[in-house]
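Down below is the structure, laid out as structure tokens.
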Amino acid sequence: MAQPETLSLAGRRVAFTTPQTDAGGGGYGGRLHAILRQRGARPVPVPTIAIRAHDPDILRPFVAPGGLDAFAALAFTSRSGISAFSRALLPSSSSSPARRPRHPVSDAATALPFTVAALGSDADLLDAAFLSRLCGDAGGRVSVLVPDVPTPAGLVEALGSGSGRRVLCPVPDVVGLREPPVVPGFLSGLEAAGWVAVRAPAYVTCWAGPRCAEALVDAAAPDAVVFTSTAEVEGLLKGLDAAGWSWPRLRARWPRMVVAAHGPVTADGVRRLGIEVDVVGARFSSFHGVLDALAAKRESD
């Protein structure tokens, strides 16, 4: 039987613009959908961006044997980046057994420590299988870093002074949308902290297309809409425009719809695009934070 707190959104129609799949075949959207159902909500998926696999040749130099020996760290700002890099680490079907597994991080006794960093629950993907493909002596040389504040800025702070060392950053190529300032700001922050940040396009973030907003426009009145990234909001605004709608018109139609943002970074991006945010998840290492904020809003109304 479900615990009372898991039904904190019982009966509420909650739209969300999260992409359904990521570059590794998993997806933020599926996870959020499942958590909403666990809490008794009626999920309304409205994916406004899509995550696509990138050209595998882009990451190949970094996953080749010794490909990361010039780096001191590998820093991920998204689950999709980890999934894409994990897929690149898998041996190709044409690889000979003698060459399996391949280790981008050498396990020489004289090698320096290597850090793999990720945000919040994304670090769950940095499991033993991932680390063993990264380095043959993962237990002795590789450490996993998860910042207390699960934001790109928090990751920069947790990594500390770079002192001229190199850090590889698998990030998205943004196609058909303006690139949000999150990744450029992250790379700039690393550079300011003394790191040599190397951008590696690991996957593609693109607009889901002119019909992406139809699921929201045609739906019954939602009680809330959840945004989990700035790109999703731009995708929604483009979709509304393609459907002959606008955000002000949508708000006028459903004035009681609560706008929720997954953490302060997303909230800032939503506001920059001209949308007022009603609630912001204070605990944003997972989607539970923004849903807790929605539940609290419901109780206070």
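Note that this is a predicted model, so its numbers are computed, not measured. Sequential numbering from 1 along the given sequence is applied to the chain's residues.
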(request) Heavy atoms only: give me the nearest Pro184-Pro180 pair and the separation to one decimal. (result) CD-O, 3.3 Å

(message) Rounded at 0.5 Å granularity, tell me how far NE2 in His288 sits from CG in Leu32.
(response) 10.0 Å

(request) Could you walk me through whether Val198 and Phe71 pass the side-chain contact (heavy atoms from CB on, under 4.5 Å) test, one step at a time? (result) CA-CA 9 Å; Val198 177; Phe71 294 85; 3.7 Å; yes

(request) Treat each ILVMFWY residue as a node, draw an edge where side-chain heavy atoms are under 4.5 Å apart, and state whether Met257 and Val226 are in one component. (result) no

(message) Parallel, tilted or perpendicular: which one describes the rings of Phe85 and Phe130, with boundaries at 30° and 60°?
(response) tilted

(message) Is there a side-chain contact between Trp207 and Glu234 in this structure, where contact means two heavy atoms from C-beta onward sitting under 4.5 Å apart?
(response) no

(request) Please examine the side chains of Pro147 and Leu119, heavy atoms only from C-beta on, and report whether any two atoms are closer than 4.5 Å. (result) yes

(request) Tell me, please, which residues at least two apart from Ser229 pass side-chain hydrogen bond (donor to acceptor under 3.5 Å, both in side chains). (result) Glu232

(message) For a quick test of reading the model, state the closest non-hydrogen atom pair linking Thr228 to Phe287 and the distance between them.
(response) CG2-CE2, 3.5 Å

(request) Indicate, with yes or no, if Leu168 and Val196 share a hydrophobic cluster defined by side-chain heavy-atom contacts under 4.5 Å among Ile, Leu, Val, Met, Phe, Trp and Tyr. (result) no

(request) Nearest 0.5 Å please: distance from the CG atom of Leu68 over to the CZ atom of Arg166. (result) 10.0 Å

(request) With the side chain counted from C-beta on, respond yes when Arg272 and Asp268 share a heavy-atom pair under 4.5 Å apart, and no when they do not. (result) yes

(request) Decide yes or no for Cys135 and Phe114: does some side-chain heavy atom of the first lie under 4.5 Å from some side-chain heavy atom of the second? (result) no

(request) Determine yes or no for a side-chain-to-main-chain donor-acceptor pair under 3.5 angstrom, with Lys238 supplying the side chain and Gly176 the backbone. (result) yes

(request) Give a yes or no answer on whether the side chain of Asp223 reaches the backbone of Arg13 with a donor-acceptor pair at less than 3.5 Å. (result) yes

(message) Could you tell me if Ser286 and Arg31 have a donor-acceptor pair between their side chains, going purely by distance under 3.5 Å?
(response) no

(request) For residues Thr115 and Ser143, determine if any side-chain heavy atom of one lies less than 4.5 Å from a side-chain heavy atom of the other. (result) yes

(request) Could you tell me whether a side-chain N or O of Trp254 sits under 3.5 Å from a main-chain N or O of Ala224, the two making a donor and an acceptor? (result) no

(message) Side chains of Val63 and Arg133, heavy atoms from C-beta outward: is any pair under 4.5 Å?
(response) no

(message) What's the separation between atom OG1 in Thr77 and atom CG in Asp122, rounded to the nearest 0.5 Å?
(response) 8.5 Å

(message) Holding to side-chain hydrogen bond (donor to acceptor under 3.5 Å, both in side chains), I want the full list of residues that pass it with Arg283, two or more places apart in sequence or in another chain.
(response) Asp292

(request) For Arg141 and Gly136, indicate whether the former's side chain and the latter's backbone hold a donor-acceptor pair under 3.5 Å. (result) no

(request) Take atom CG of Asp148 as the centre, draw a 6.0 Å sphere, and report whether it contains more than 12 heavy atoms from other residues, nucleotides or ligands. (result) no

(request) Not counting sequence neighbours, which residues clear side chain to side chain contact (heavy atoms under 4.5 Å, CB included) with Asp218? List them please. (result) Glu214

(request) Answer with yes or no whether the side chains of Ser78 and Tyr203 bring together a donor and an acceptor at under 3.5 Å. (result) yes

(request) Hey, could you give me the CZ/CZ distance between Arg39 and Arg12, rounded to the nearest 0.5 Å? (result) 14.0 Å

(request) Starting from the C-alpha separation in whole Å, work towards a yes-or-no answer on side-chain contact (heavy atoms from CB on, under 4.5 Å) for Val280 and Thr266. (result) CA-CA 9 Å; Val280 181; Thr266 298; over 6 Å; no

(request) Return the minimal non-hydrogen interatomic distance between Ser106 and Gly66, and the atom names on each side. (result) OG-CA, 4.1 Å

(request) Rounded to the nearest 0.5 Å, what's the gap from CZ on Arg42 to CG on Leu9? Could you check? (result) 13.0 Å

(request) Can you establish whether the number of heavy atoms outside Glu157 located under 6.0 Å from its atom CD is more than 12? (result) no

(request) Give a yes or no on this: more than 12 heavy atoms of other residues, nucleotides or ligands lie within 6.0 Å of atom CZ of Arg165. (result) yes

(message) Could you check whether any side-chain N or O of Arg249 sits under 3.5 Å from a backbone N or O of Gly244, counting only pairs where one atom can act as donor and the other as acceptor?
(response) yes

(request) Can you see which heavy atom on Ala118 is nearest to which on Leu126, and at what distance? (result) CB-CD1, 3.7 Å

(message) For residues Leu145 and Leu125: do they belong to one hydrophobic cluster (side chain heavy atoms under 4.5 Å, members Ile, Leu, Val, Met, Phe, Trp, Tyr)?
(response) no

(message) Check whether Arg253 reaches the backbone of Val217 with its side chain - one donor and one acceptor, N or O, closer than 3.5 Å.
(response) yes

(request) Ignoring hydrogens and angles, tell me if any N or O in the side chain of His262 forms a donor-acceptor pair with the backbone of Leu291 under 3.5 Å. (result) no

(message) Could you check whether any side-chain N or O of Arg251 sits under 3.5 Å from a backbone N or O of Pro248, counting only pairs where one atom can act as donor and the other as acceptor?
(response) no

(message) For a quick test of reading the model, state the closest non-hydrogen atom pair linking Leu216 to Ala15 and the distance between them.
(response) CD1-CB, 3.9 Å

(request) Determine the sole option in Asp278, Val233, Val279 for which the side-chain contact (heavy atoms from CB on, under 4.5 Å) test with Val259 is passed. (result) Asp278

(request) Please answer: with hydrophobic residues joined when any side-chain heavy atoms are less than 4.5 Å apart, are Trp195 and Phe76 in the same cluster? (result) no

(message) Would you say Phe227 ends up clustered with Val277 if hydrophobic residues are merged whenever their side chains have heavy atoms under 4.5 Å apart, either directly or through other cluster members?
(response) yes

(request) Could you walk me through whether Trp247 and Leu273 pass side-chain contact (heavy atoms from CB on, under 4.5 Å), step by step? (result) CA-CA 10 Å; Trp247 179 256; Leu273 290 171; over 6 Å; no

(request) Let me see the working for Leu131 and Val144 under side-chain contact (heavy atoms from CB on, under 4.5 Å), right down to the final yes or no. (result) CA-CA 9 Å; Leu131 297 177; Val144 174; 3.9 Å; yes

(request) Quick one: closest heavy-atom pair of Ala75 and Leu159, and the distance? (result) CB-CD1, 4.3 Å

(request) Give, for atom CD1 of Ile51 and atom OG1 of Thr205, the distance between the pair rounded to the nearest 0.5 Å. (result) 3.5 Å

